[in-house]
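Worksheet for the structure shown next.
In listed order, ligands and their atoms are each counted from 1. Throughout, numbering of the chain's residues begins at 1 and tracks the sequence.
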Amino acid sequence: MSLKRKHLLGLEGVSKEEIFEIFEAAQSMKEILQRPIKKVPTLQGVTIANLFFENSTRTRLSFDLAARRLSADVINFTSSGSSISKGETLKDTARNIEAMKIDAVVVRHHASGVPKFLSEVLKSNIINAGDGAHEHPTQGLLDIFTLKEKFGEIKGLRVCLIGDIAHSRVARSNIEGLKTLGAEISICGPATLLPREIESLGVKIFYNLDEALKNADAINVLRIQQERMESERFPTLREYQHLFGITNERLTKLNKKIIVLHPGPINRDVEISADVADGEHSLILDQVENGVAIRMAVLFLICTNKQN
Ligand code: CP
């Protein structure tokens, strides 16, 4: 077993061997999920706390289900309705929950760096479920796992991330993981939605969507994150849709089959048209299905690592 880490805070620094270890475990988890009784006793006696300080549908339910499929006990905390509204600090909240004898914390927070902070103040294993615009490692893993299932090999695969790269933790985790596995990565979007440190990312940059599509085998379409934009980054959603929206018309012109991922939630008919999201190019629901297997694999490998 090569995943010898106590926490999963991001995909930066995670080796090829570790990613493949997670994928191998996820493949076994997928087999468990095909059985009539989709549950194994692997994490019996382990207690996992899901701490969600920011809204989530897929990640929260997926981590919850993944833990239950492995027979762990789960407690779910969401900041709304909690004592955060009475002024309790993040550190106090986390340490009080840990005092209930939990073993691992899955955390989502709107501020970058919170999982790392918790890894310094708690004894539990910490798994990042998305922190600000920093990283969303299990989303990156499930995206890449879905591509590997489809194409067999990531090395040399041309993957383009499209849209709001500047605010996207999904983009960062995808870039880290894809780079480690040897993919050819490009990004495409309006200059105002690309990060300032763009040169340091080591990826190709396209400002024209049709050019980007011609040079890709697969695309990962990112949500316009209006809640993270402190100012308007483009004139109107209609103009964004016209220049950067993925539509069937655009994909048909390519005369090749291109694979479409989207981490969700989708802004239908903004960054992706409804017919593409639901169409033959889309692996969006495969991503969601694989998310449970990837999270089972991560929980299993982190929580059973005797060195932790
Ligand atoms: N992809 C993703 O993180 O979705 P949620 O915000 O619904 O968890």
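Applying the salt bridge (charged side-chain N to carboxylate O under 4.0 Å, His left out) rule to Glu280 yields no partners; only residues at least two apart in sequence or on another chain are considered. In this structure, Phe63 has no ring pair (Phe, Tyr, Trp, His ring centres under 6.0 Å) partners at least two apart in sequence or on a different chain. Every residue two or more places apart in sequence or in another chain that forms a ring pair (Phe, Tyr, Trp, His ring centres under 6.0 Å) with Phe77 is listed here: Phe53.
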Start with the C-alpha distance between Arg172 and His136, add both sets of side-chain angles, then the distance that settles side chain to side chain donor-acceptor pair (under 3.5 Å), and finish with yes or no. CA-CA 8 Å; Arg172 262 169 203 77; His136 190 350; over 6 Å; no
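Residues lining ligand 1 at a heavy-atom distance below 4.0 Å are given as Ser56, Thr57, Arg58, Thr59, Arg108, His136, Gln139, Pro263, Gly264, ordered by chain and residue number.
The shortest heavy-atom contact between Ser186 and Val203 is CA-CB, 4.5 Å.
Ile258 and Leu285 are assigned to two separate hydrophobic clusters, defined by single-linkage of ILVMFWY side chains at heavy-atom distances under 4.5 Å.
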